[in-house]
Amino acid sequence: MYSPDGTMHGFLNNTLAYFNVSDFKPGTGPNIDHDVGYQVEICRYKDYREPPWAETKYDITKEFWAVLAARLAFVIVFQNLVMFMSDFVDWIIPDIPKDISEQIHREKVLMVEVFLKEEQGKLQMLETWKEHHEKKRGENCANQSPRLSRSNTGSTASAYSGRVEA
């Protein structure tokens, strides 16, 4: 509070620090005496510093640290508030509309069904090939058997027809 009655009266005076122009190093002070028509002894500037008549002249005041802490707290609170509000809005409003999400789900289900049918077709084709190959192998083995092979005379009759047992 800057005034006893709770108004903003005295706010500007509270935020400005004092500087005695006699504390400038020689040759660095402003030459405005002839412009204003009188000799300037005290300047005011925006800062929270001790006045030149204090024991620790021009040191940072406790108000400076309080204002800095309040600014830092405001930034942290505001940043977190914005982050949480952003997350809340992201949670409330989906990125993908519901009807598009359902369509994507249906497409995934259809793709899975297509892949399953394709794999099932491959499996059936493999089993058919395997059965055909085993059948062919069985016929080849039957033709290769010594008992069922052609006779020595070269006829196509049974293998037993040309043999004579003694």
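- A search for side-chain hydrogen bond (donor to acceptor under 3.5 Å, both in side chains) contacts involving T128 returns nothing, not counting sequence neighbours.
- The salt bridge (Lys or Arg N to Asp or Glu O under 4.0 Å) analysis of residues 64-91, with sequence neighbours excluded, yields no pairs.
- Rounding to the nearest 0.5 Å gives a distance of 9.0 Å between CG of L16 and CZ of F11.
- Using a 4.5 Å cut-off between side-chain heavy atoms of Ile, Leu, Val, Met, Phe, Trp and Tyr, F84 falls into a hydrophobic cluster with M83.
- For F64, there are no ring-ring contact (aromatic ring centres under 6.0 Å, His included) partners two or more places apart in sequence or in a different chain.
- For the side chain to side chain contact (heavy atoms under 4.5 Å, CB included) test, residues two or more places apart in sequence or in another chain that qualify with L81 are M85.
- Screening residues 18-30 for salt bridge (Lys or Arg N to Asp or Glu O under 4.0 Å), with sequence neighbours left out, gives D23-K57.
- Y45 OH: more than 12 foreign heavy atoms inside a 6.0 Å radius.
- Qualifying ring-ring contact (aromatic ring centres under 6.0 Å, His included) partners for F19, counting only residues two or more places apart in sequence or in other chains: F24, Y58.
- A heavy-atom distance below 4.5 Å is not found between the side chains of V89 and S86.
- Grouping the Ile, Leu, Val, Met, Phe, Trp and Tyr side chains by contacts below 4.5 angstrom, directly or via other members, places L68 apart from I76.
- With sequence neighbours excluded, the residues that form a side chain to side chain contact (heavy atoms under 4.5 Å, CB included) with K122 are E118, E119.
- Hydrophobic clustering, with ILVMFWY side chains joined whenever heavy atoms are under 4.5 angstrom apart, keeps V21 apart from I42.
- Pairs passing the salt bridge (Lys or Arg N to Asp or Glu O under 4.0 Å) check and including a residue from residues 105-114, sequence neighbours excluded, do not occur.
- To the nearest 0.5 Å, the span separating CD1 on I60 from CG on D47 amounts to 7.0 Å.
- Counting only residues at least two apart or on different chains, the ring pair (Phe, Tyr, Trp, His ring centres under 6.0 Å) pairs with a member in residues 87-132 are W129-H133.
- Using a 4.5 Å heavy-atom cutoff, the side chains of T15 and E63 are not in contact.
- Listed by chain and residue number, V112 satisfy the side chain to side chain contact (heavy atoms under 4.5 Å, CB included) test with L116 (two or more places apart in sequence, or in another chain).
- Between the side chain of R44 and the backbone N or O of N13, at least one donor-acceptor pair lies under 3.5 Å.
- Separating the CD atom in E102 from the CD1 atom in I96 is a distance of 12.0 Å, to the nearest 0.5 Å.
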- request: For the pair W53 and N20, evaluate side chain to side chain contact (heavy atoms under 4.5 Å, CB included) and give the outcome as yes or no after the intermediate values.
  value: CA-CA 9 Å; W53 54 83; N20 190 346; over 6 Å; no
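- Distance CD1/I104 to CE/M111: 13.5 Å, rounded to 0.5 Å.
- Looking at residues two or more places apart in sequence or on another chain, you find a side chain to side chain contact (heavy atoms under 4.5 Å, CB included) between T56 and E50, D59.
- In this structure, NZ on K117 lies 12.0 Å from CD on Q124, to the nearest 0.5 angstrom.
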